[in-house]
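See below for the structure under consideration.
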Amino acid sequence: MTGADLLVDLPDLGGLIQLAPDPTGFEQEILPNLQWLRSAPTPDGKGEVRTAYNKVLGQIVGVYSTTTQRLTVQEQVNGQTVTREFGRVLTSEEHTTSTYHPTCGDMLLRQQTVKSSWGYTVATKVRTEITGAYGFISAVTAGDPLGEETELIEQTWSPEGWLQSRVKTTRKLSSVQQANPEGELPDRGPLAPFEFLERVRFETFRPSWLMEWRESGGIPVPVYDADSFDPVRLGVRGGTITSGAEPMDAAPTRVTCPDPCSKRQRAIPNAVQIRADAGRQGTEVTRSVSWTRDRGTLATYARWVAADLAQRITRTRTLIGVPPIVPGMAAQDADGRGLRGVVQSVTVQVGSGQASTEVITHEPQPPRLSEHAYQSTQTTYRDIVLFRQVGGVTVQHFTGQFDGNAPRFENVFVRVAGTQYPSPLDELEWIDDPRYGPTATGNYGQEAMT
């Protein structure tokens with residue numbers, strides 16, 4: 001007896017953090033609001049990159065990083081090569097902040113990146129800089145500040161969720177300056193920013209897989225004396241630099257915004273199996289009542305069906321006269337006529353001045369019923385991913401068993417091929433491969449929505 005699917009809440013991943021192979025990484029992935037710090041060596045092994053993250057409502061809205069490393073600089077001073085060693089000094093700082101749509105978390109509206117850098121010469125006078133963000137603060141040694149480089153991305157979206165346009169504004173340092181660069185070391189000024197390149201790129205996306213773009217901005221160009229042809233100052237070239245249109249390899253980026261009133265739940269097949277030792281033995285009879293999820297009600301309905309299909313005793317009696325008997329009447333042999341069961345048919349015959357009645361009854365035999373765990377014939381399963389592991393993922397598998405109305409689950413490792421593993425709370429399709437055990441078919445996503 002099959003009823004309506006049971007809708008159950010998704011697993012609470014917060015209670016599984018310590019079971020994951022990488023508890024720290026799993027916590028950073030699943031918790032909606034969190035700040036954390038990571039440290040890693042630079043590729044050359046001479047420095048360290050410290051990165052702080054700020055996650056709000058499931059999206060990383062802030063990333064702050066600093067790079068410190070050991071430096072060696074050499075310069076010619078009065079014909080002599082001067083070498084200076086700098087220990088752990090600050091070389092760059094980068095801060096990216098992102099703004100998403102308040103009701104659609106995947107819709108990026110604005111992203112700004114500010115980059116700062118420091119320069120070093122043999123005459124650089126170092127000082128202490130306070131760096132950090134999102135609760136992680138530290139003091140580091142820094143040289144001459146070289147100004148800020150910025151990158152700003154602003155995006156607009158269509159009502160259907162297509163990316164309509166993107167404006168990218170950049171300002172990058174292209175040269176530095178120094179007062180008295182050829183003087184004695186104590187007399188030389190600090191490095192300072194001089195020239196910046198500014199660009200604005202405007203992109204428009206069409207659902208027909210076409211991107212139109214144009215770039216403009218300020219480019220420093222030298223101004224020459226018309227008579228001596230010597231450079232005297234820098235000017236700036238502005239206006240549109242280049243533009244065009246080109247087909248894209250795919251449709252524009254599209255996001256799906258969830259209904260804020262909906263709640264994602266998991267649908268569990270709901271069935272009760274009753275076995276009878278009489279009647280249509282060896283025959284499977286299936287009924288469906290989609291108006292109920294209650295398993296007690298399903299079991300009652302299943303017993304009614306089993307009783308209706310149970311073994312019956314059929315009796316035929318011929319009675320003198322025409323007794324007041326009609327089909328459907330329950331007979332209990334109270335009058336000594338041998339009638340028991342439910343009257344199925346009544347046939348009256350008249351001849352030689354006498355009347356007789358043939359009555360056929362069916363007497364159901366109550367079967368011995370037993371409730372068994374429903375044995376599904378499915379060979380493909382769909383379960384919820386809990387966390388990733390080496391070679392696959394752990395899923396919350398529905399065993400087919402129930403504790404009352406509550407489904408029973410167990411954790412199962414499912415092998416996943418390729419490099420793109422499903423994420424926690426994705427619904428993964430898998431089969432029990434006879435050679436390799438539980439193996440993903442490659443289909444996964446978040447489809448179980450209510």
Side-chain angles (χ1 to χ4, degrees), residues 13 25-38 49 51-66 92-116 133-136 148-172 198-217 243-262 264 419-426 444-447 449:
L13 299 182
F26 186 59
E27 179 184 51
Q28 295 166 358
E29 182 176 15
I30 66 168
L31 294 186
N33 303 300
L34 190 66
Q35 294 180 348
W36 69 93
L37 179 69
R38 286 182 181 173
V49 179
T51 306
Y53 299 87
N54 184 27
K55 187 177 182 184
V56 178
L57 298 178
Q59 292 286 359
I60 295 180
V61 299
V63 179
Y64 175 87
S65 66
T66 58
S92 68
E93 177 187 57
E94 184 172 327
H95 193 184
T96 300
T97 56
S98 304
T99 303
Y100 293 86
H101 194 281
T103 61
C104 186
D106 293 335
M107 191 176 286
L108 177 64
L109 302 180
R110 187 177 189 272
Q111 187 174 78
Q112 183 178 37
T113 301
V114 179
K115 300 178 182 179
S116 301
Y134 312 126
F136 304 100
E148 292 184 345
E149 300 178 317
T150 59
E151 179 180 281
L152 175 63
I153 297 176
E154 296 175 293
Q155 299 184 143
T156 61
W157 301 80
S158 71
E160 299 81 17
W162 294 98
L163 178 61
Q164 280 187 321
S165 65
R166 177 189 294 132
V167 180
K168 183 177 180 180
T169 305
T170 58
R171 181 174 184 264
K172 295 186 177 181
E198 296 183 354
R199 287 283 183 95
V200 178
R201 180 180 175 91
F202 184 82
E203 299 173 341
T204 301
F205 302 93
R206 310 293 184 193
S208 57
W209 295 25
L210 181 69
M211 180 184 71
E212 300 171 352
W213 58 275
R214 66 178 183 271
E215 286 191 8
S216 62
S243 62
E246 58 187 49
M248 298 184 295
D249 294 334
T253 301
R254 185 176 184 178
V255 297
T256 300
C257 300
D259 182 353
C261 299
S262 68
R264 183 168 175 234
T419 58
Q420 295 295 326
Y421 280 21
S423 301
L425 297 186
D426 277 352
Y444 61 88
Q446 296 190 3
E447 302 173 0
M449 304 293 292

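For this chain, numbers begin at 1 and follow the sequence in order.
- Contact record, R264 with G445: NH2-O, 4.2 Å, taken as the closest heavy-atom pair.
- Rounding to the nearest 0.5 Å gives a distance of 13.0 Å between CZ of R38 and OG of S65.
- A salt bridge does not link E151 to K115: none of the charged nitrogens lies less than 4.0 Å from a carboxylate oxygen.
- Residues W157 and T253 are in side-chain contact: their nearest non-hydrogen atoms beyond the backbone lie under 4.5 Å apart.
- A salt bridge links R166 to E203: one of the charged nitrogens lies within less than 4.0 Å of a carboxylate oxygen.
- When all heavy atoms of T96 and Y134 are compared, the closest pair comes out as O-OH, 4.4 Å.
- One distance of note links CD of Q111 with OH of Y100; it measures 6.5 Å at 0.5 Å rounding.
- M248 and L210 get closest at one heavy-atom pair: CE-N, 3.7 Å.
- Between F202 and S165, the shortest heavy-atom distance links the atoms CZ-CB, 4.2 Å.
- Interatomic distance, Y64 OH to T51 OG1, rounded to the nearest 0.5 Å: 10.5 Å.
- With a 4.5 Å cut-off on side-chain heavy atoms, Y444 and Q420 count as touching.
- T170 OG1 to I153 CD1: the interatomic distance, rounded to the nearest 0.5 Å, is 10.0 Å.
- Residues T103 and C257 form no side-chain contact, since every pair of their non-hydrogen atoms from C-beta on lies 4.5 Å or further apart.
- Side chain of K168 to backbone of R199: no donor-acceptor contact under 3.5 angstrom is found.
- Taking the six-membered ring where the residue is Trp, Y53 and W36 present parallel rings, their angle staying beneath 30° rather than reaching 60°.
- Annotation: side chain of L31 is not in contact with side chain of K55 (no heavy-atom distance under 4.5 Å).
- Between L152 atom CG and Q112 atom CD the span is 5.5 Å, to the nearest 0.5 Å.
- For the pair T169/T150, no side-chain contact is recorded, criterion being any heavy-atom separation below 4.5 Å from C-beta on.
- In terms of heavy-atom proximity, L108 sits nearest to S98 at CD1-CB, 3.9 Å.
- The distance from the OG1 atom of T156 to the CZ atom of R110 is 14.5 Å, given to the nearest 0.5 Å.
- In this structure, Q59 contributes its side chain and G105 its backbone to a donor-acceptor pair below 3.5 Å.
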*Just do the side-chain contact (heavy atoms from CB on, under 4.5 Å) check on E94 and V63 with the steps written out, would you?*
CA-CA 8 Å; E94 184 172 327; V63 179; over 6 Å; no
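- Nearest approach of M211 to R201, heavy atoms of both residues: CE-NH2, 3.9 Å.
- Residues F26 and L13 are in side-chain contact: their nearest non-hydrogen atoms beyond the backbone lie under 4.5 Å apart.
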